[in-house]
Protein chains: 2
Amino acid sequence: MTAQLIDGKAIAAAIHEEVRVAAAELKAKHGITPGLATVLVGDNPASHSYVKGKRQACAEDGLESFPNELPADTPQADVIALVKRLGEDPKVHGILVQLPLPGHINEEAVLNAVPITKDVDGFHPVNIGKLGMKNREPSFEPCTPAGVIELLDRIGAKIEGASAVVLGRSNIVGLPVSLLLLGRNATVTVCHSRTKDIAAVVRQADILVAAIGKAKFVKAEWVKPGAVVIDVGVNSLPVLNPDGTQAISEKTGKPRTKLVGDCDFEAVKEVASAITPVPGGVGPMTIAMLMKNTLRAAQQSVK
Amino acid sequence: MTAQLIDGKAIAAAIHEEVRVAAAELKAKHGITPGLATVLVGDNPASHSYVKGKRQACAEDGLESFPNELPADTPQADVIALVKRLGEDPKVHGILVQLPLPGHINEEAVLNAVPITKDVDGFHPVNIGKLGMKNREPSFEPCTPAGVIELLDRIGAKIEGASAVVLGRSNIVGLPVSLLLLGRNATVTVCHSRTKDIAAVVRQADILVAAIGKAKFVKAEWVKPGAVVIDVGVNSLPVLNPDGTQAISEKTGKPRTKLVGDCDFEAVKEVASAITPVPGGVGPMTIAMLMKNTLRAAQQSVK
C-alpha cells in the first residue's frame, strides 16, 4: 500500500483563500484591514527569508504588514519599547517577533511585552496553558501545531479516541500539538530524547506527529500499518554524486542540499495510510495559520 | 510480592517541619511571617472543612492565615474586589480561593484577579503553560501535582526515562502532573474517558498516576509488575453490613461510608512495587505543598 500524500500546499492555499475572502468582508463592513507587524532583529538570513514569506502572504491575502528591522546590537530595552508601541497601535492586530533573537536579548522578556490580544504566534504561556486546560479558550493557537490539526481534519482523520504519539516536546511544536491533540480527545503520548524504546512507542500510534529535528529518524518498521503520519521536521542533507562525493550546484557553485523530514519518507509511505511530504506538507501551513490568526485578531478588535 | 506503602502522612509531616524551620528563619532574619489568605464563598461543608484544614496547617507551621468568608449570594464583583484587595495587602503572600465557587460566579474571572506572585495554588494559566514549557519557570507548581512528584522523589522512584501513564486530564491534577512528569523526562501518556483499551495503556506504565475519580477503577491485571502507583482518587463508598444492607453509624445515625482511591488497592498492592494508600497517601501532600508554596511566596517577597 502506498500512503495518501497530504498536500499541505493545496490545503494552505484553501486557507489563504478563506482568509482573503474574510479579510475583504471585514474591510467592506468595518473599514478595517488586518495588520501584522513583524519584528526582526539582526541579520540571520533564514529569519529574513521567513519574515519575507510572511509579508508576501499578507500582501496576497489582503492583510497589511508593518515591517520592523533592527540591527543585531539593538539593546533589549529598545526591542521591548518597539513591541510595546506596536501593542498600542490600533492598525496592528498581530505582532510577530521572529525568533531566535540575538543572544544578549531575553526572549521571554520580549515575548511578554506582546499583548495577549495580539499574540498571533500563540507562544505566550497563558495561551499554552489555556490550550491544555478545560473550560479555557486560548486567544490564539500556535501556528504550526494548529496547522497539524488542520491537516488531520481536512483529510478526515479521526482524532478522538486515537492513540497519538508526538515525538518532541518543544515550546513551539511538540508541547502545544500534544495539548491540542489531548483537547481533541486523543490518547496522547509525548516522546523525546530520553524515551526508552521509542520504536515500540511509535508502533502504537494511530496518529504520529514527528517534530524531533532528526533527518529520517523514524523508520518504516516503527510505524503501525495504516497510521497517519505528520512530519514537522525540516532537516537539510547534502546531495551526493553517484560516486559518493558532495554534489555542487552548477548555478551557485555551492554544495547542493535537499530538505528531508524526521521520517524516512520513501519507506514510511509504504506503511502509513497518509503522510505529509517534506517540503510541501506542514511547512506551508504555518504561514496560512498565521494569516488566519491575524485575521481573527482583527475580527476580535471590532467586537 | 506486596508493595511498599508510600506513607504520605509521614512525608507530609517532614515537609511541614521543613516549612516550620524555614518560616521561623524568615521571621528571625526579615521579620516576615508568611501569610495565607483563604477565600470561601458559600456554605459547602466540604469546602469549609478543607479551608479549616489549611488554616490549621498554617497555625502549626508558623504561618499566619487570613480567613475571608462570604455568603453564597455574594456578587461576583465583590469577590473579585476582595481578591484584589488581598493582592495588594503586603501581609498576604498567598491567596487561596476555595473551589468550587457558587454557580453564578465565573471561576476564571475570580482566579485571574489573583496576582501571579500570590497564586500559591498554581492554577493560573500562565503557571500551567510555564510548567510544560522549556526555559520557563512557573511561580508556583500546583499543590497536588507537586505533591505527587515529591512522593515519587522521596521514595527514590526514577522518573527520567520511565514510562508514566496519567489517568485523567483535569486542570488541577491530570494535566499539570503530566506536564511535571514530562519536565522530569518521563515518557508521558495521558488517558481519559475517550481512551480505547485503557488496560493495555496502563500495563505499560512504570509510573501510574490515577486521577480519574472512579472508585477502584484500576484492576490488578492492568498493572505492570513492579510499577509505582500513585492514587490521587478520593471516592466515597457505602459500608455494607454482612447481609449486604447499608451499615449505619451508631454514633451519628447516618449511613457509614469509607474512602477509596481510583485503584483496587488490595489487589493492586500485590502487583505494584510501591503504592499510596487512600486515605493517607496523596491527600496529606496537598496541604503540605500549599504551605511550601506560601513560604516560597513570602521568601520571594523579600528578594
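From a predicted model like this one, the values you see are computed outputs, not experimental measurements. Order of the sequence lines sets the chain letters (A, B, ...), proteins ahead of strands, with each chain counted from 1.
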Check: Would a 4.5 Å heavy-atom cut-off, applied to side chains only, mark A/V97 and A/L111 as touching?
Finding: yes
Checklist line | Within-4.5 Å side-chain heavy-atom neighbours: A/T144 and A/I172 | finding: no
Using a 4.5 angstrom heavy-atom cutoff, name the option from [options] with the most pairs to chain A.
{"options": "B/V201, B/T189, B/L131, B/V165", "answer": "B/T189"}
{"options": "B/A186, B/C191, B/S193", "answer": "B/A186"}
{"options": "B/R136, B/K196, B/E160", "answer": "B/R136"}
{"options": "B/G129, B/S178, B/A200", "answer": "B/G129"}

Note to self: Exactly one of B/I105, B/V41, B/L99 should register a side chain to side chain contact (heavy atoms under 4.5 Å, CB included) with B/V110. Which one does?
What the structure shows: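 When B/I105, B/V41, B/L99 are each tested with B/V110, the side chain to side chain contact (heavy atoms under 4.5 Å, CB included) holds only for B/I105.
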Next item on the list: Scan A/V202, A/V166, A/V228 and name whichever one has a side chain to side chain contact (heavy atoms under 4.5 Å, CB included) with A/L208.
Entry: A/V202
Greatest number of heavy atom pairs closer than 4.5 Å to chain B - which of [options]:
{"options": "A/N185, A/V126, A/T195", "value": "A/N185"}
{"options": "A/K130, A/R169, A/Q204", "value": "A/R169"}
{"options": "A/H124, A/H192, A/E107", "value": "A/H192"}
{"options": "A/N127, A/T187, A/I128, A/N135", "value": "A/T187"}

Next item on the list: Taking A/K214 for its side chain and A/A211 for its backbone only, find out whether a donor-acceptor pair lies under 3.5 Å.
Entry: no
Check: Going through the distances and angles, do B/I149 and B/I159 end up as a side-chain contact (heavy atoms from CB on, under 4.5 Å)?
Finding: CA-CA 9 Å; B/I149 302 293; B/I159 302 177; 4.3 Å; yes
Under a 4.5 Å heavy-atom cut-off, does chain B meet the side chain of [X], its backbone, both or neither?
{"X": "A/A164", "value": "neither"}
{"X": "A/I198", "value": "neither"}
{"X": "A/D197", "value": "neither"}
{"X": "A/L175", "value": "side chain"}
{"X": "A/N171", "value": "side chain"}

Note to self: Just checking A/K84: does its NZ atom have more than 12 heavy atoms from other residues, nucleotides or ligands closer to it than 6.0 angstrom?
What the structure shows: no
Check: At what distance, to the nearest 0.5 angstrom, does CG of A/L151 lie from CE of A/M289?
Finding: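 Spacing of CG (A/L151) from CE (A/M289) equals 9.0 Å.
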Check: A/V223 and A/A227: which non-hydrogen atoms are nearest, and at how many Å?
Finding: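 The pair with the smallest heavy-atom distance is CG1-CB, 4.0 Å.
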